[in-house]
Amino acid sequence: MAKGFTVERRTASLKFAEDSPYYGVEATVSTSMPFKTLFWFQANAGSGDASSTAEALARFGDDFLVEWNVLDPDGQPYEASGVGVELVEDSGLVLALMTAWIEAVASPSDPLSQPSASTLSSVEDMTNQLAASSSPLGN
């Protein structure tokens, strides 16, 4: 029997470019999630339905936001949780972070190892298809 493979929780560091209004914001997010959860976010987070949007914010903060450096107007850090995400007064920042997070989940930057050419092609096709189906949250 083949040796087992333990799935590890992966993270990504999100940073904005110098020309972004959010330059300086840094966040560490978990990019490990079941496809069912990814599809839920794609289907519900940008649906325009207030309860789905509120659930998406809470789930992002509670389940996937590991840490961030976002401060409130008094210079105090927002908690890296669903409550903290919901309290941020700049909805554009939250949507930009969630969009970058979904992109990091759908298009991981780490190579998936070097399988055979036929397997690599199918993995690349699947990743490209997922990335193409990802729509920015909140639009």
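Keep in mind it's a predicted model, so treat the numbers as computed, not measured.
In this structure, the side chain of Asp62 engages the main chain of Gly82 through a donor-acceptor pair within 3.5 Å. Remark: side-chain polar atoms of Asp72 are not paired, donor with acceptor, to backbone N or O of Tyr78 under 3.5 angstrom. Remark: the backbone N or O of Phe16 is not paired with any side-chain donor or acceptor of Ser20 at under 3.5 angstrom.
Note: the hydrophobic cluster containing Leu97 also contains Val83 (ILVMFWY, side chain heavy atoms under 4.5 Å, direct or indirect links). Clustering ILVMFWY residues whenever any of their side-chain heavy atoms sit less than 4.5 angstrom apart, transitively, puts Val85 in a cluster other than the one holding Leu71. Hydrophobic clustering (side-chain heavy atoms under 4.5 Å, transitive across Ile, Leu, Val, Met, Phe, Trp, Tyr) groups Leu87 together with Val94. Phe41 and Phe35 fall within a single hydrophobic cluster, where Ile, Leu, Val, Met, Phe, Trp and Tyr are joined by side-chain heavy atoms under 4.5 Å apart, directly or via other members.
Looking at Ser30 and Arg9, their side chains do bring a donor and an acceptor atom within 3.5 Å of each other.
Between Phe64 and Trp101, the ring planes are tilted. Angles from 30° to 60° get that label.
When all heavy atoms are compared, the tightest approach of Trp40 to Ser52 is CH2-O, 3.8 Å. The minimum heavy-atom distance linking Ser32 with Arg10 is given by the pair OG-N, 2.6 Å.
Between Glu67 atom CD and Ser13 atom OG the span is 8.5 Å, to the nearest 0.5 Å. The line from OG1 of Thr31 to CD of Glu103 is 13.5 Å long, rounded to the nearest 0.5 Å. Summarising the geometry, atom OG belonging to Ser81 is positioned 11.0 Å from atom CG belonging to Asp63; distances are rounded to the nearest 0.5 Å. The line from OG1 of Thr28 to CG of Leu65 is 8.5 Å long, rounded to the nearest 0.5 Å.
Residues Tyr22 and Lys15 have side chains not in contact (no heavy-atom distance under 4.5 Å, counting atoms from C-beta outward).
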Practice problem: List the steps, then state whether side-chain contact (heavy atoms from CB on, under 4.5 Å) holds for Met33 with Val105. | Solution: CA-CA 8 Å; Met33 76 170 65; Val105 169; 3.9 Å; yes
Quiz item: Stepwise, does the side-chain contact (heavy atoms from CB on, under 4.5 Å) test hold for Leu14 with Val29?
Solution: CA-CA 7 Å; Leu14 305 179; Val29 294; 3.9 Å; yes
Exercise. Output, in order, the C-alpha distance, side-chain angles, deciding distance and verdict of side-chain contact (heavy atoms from CB on, under 4.5 Å) for Thr37 and Arg59.
Key: CA-CA 10 Å; Thr37 303; Arg59 289 179 75 175; 3.6 Å; yes
Exercise. Any chance you could lay out the side-chain contact (heavy atoms from CB on, under 4.5 Å) test for Val70 and Asp90, step after step, and finish with the verdict?
Key: CA-CA 11 Å; Val70 180; Asp90 186 339; over 6 Å; no
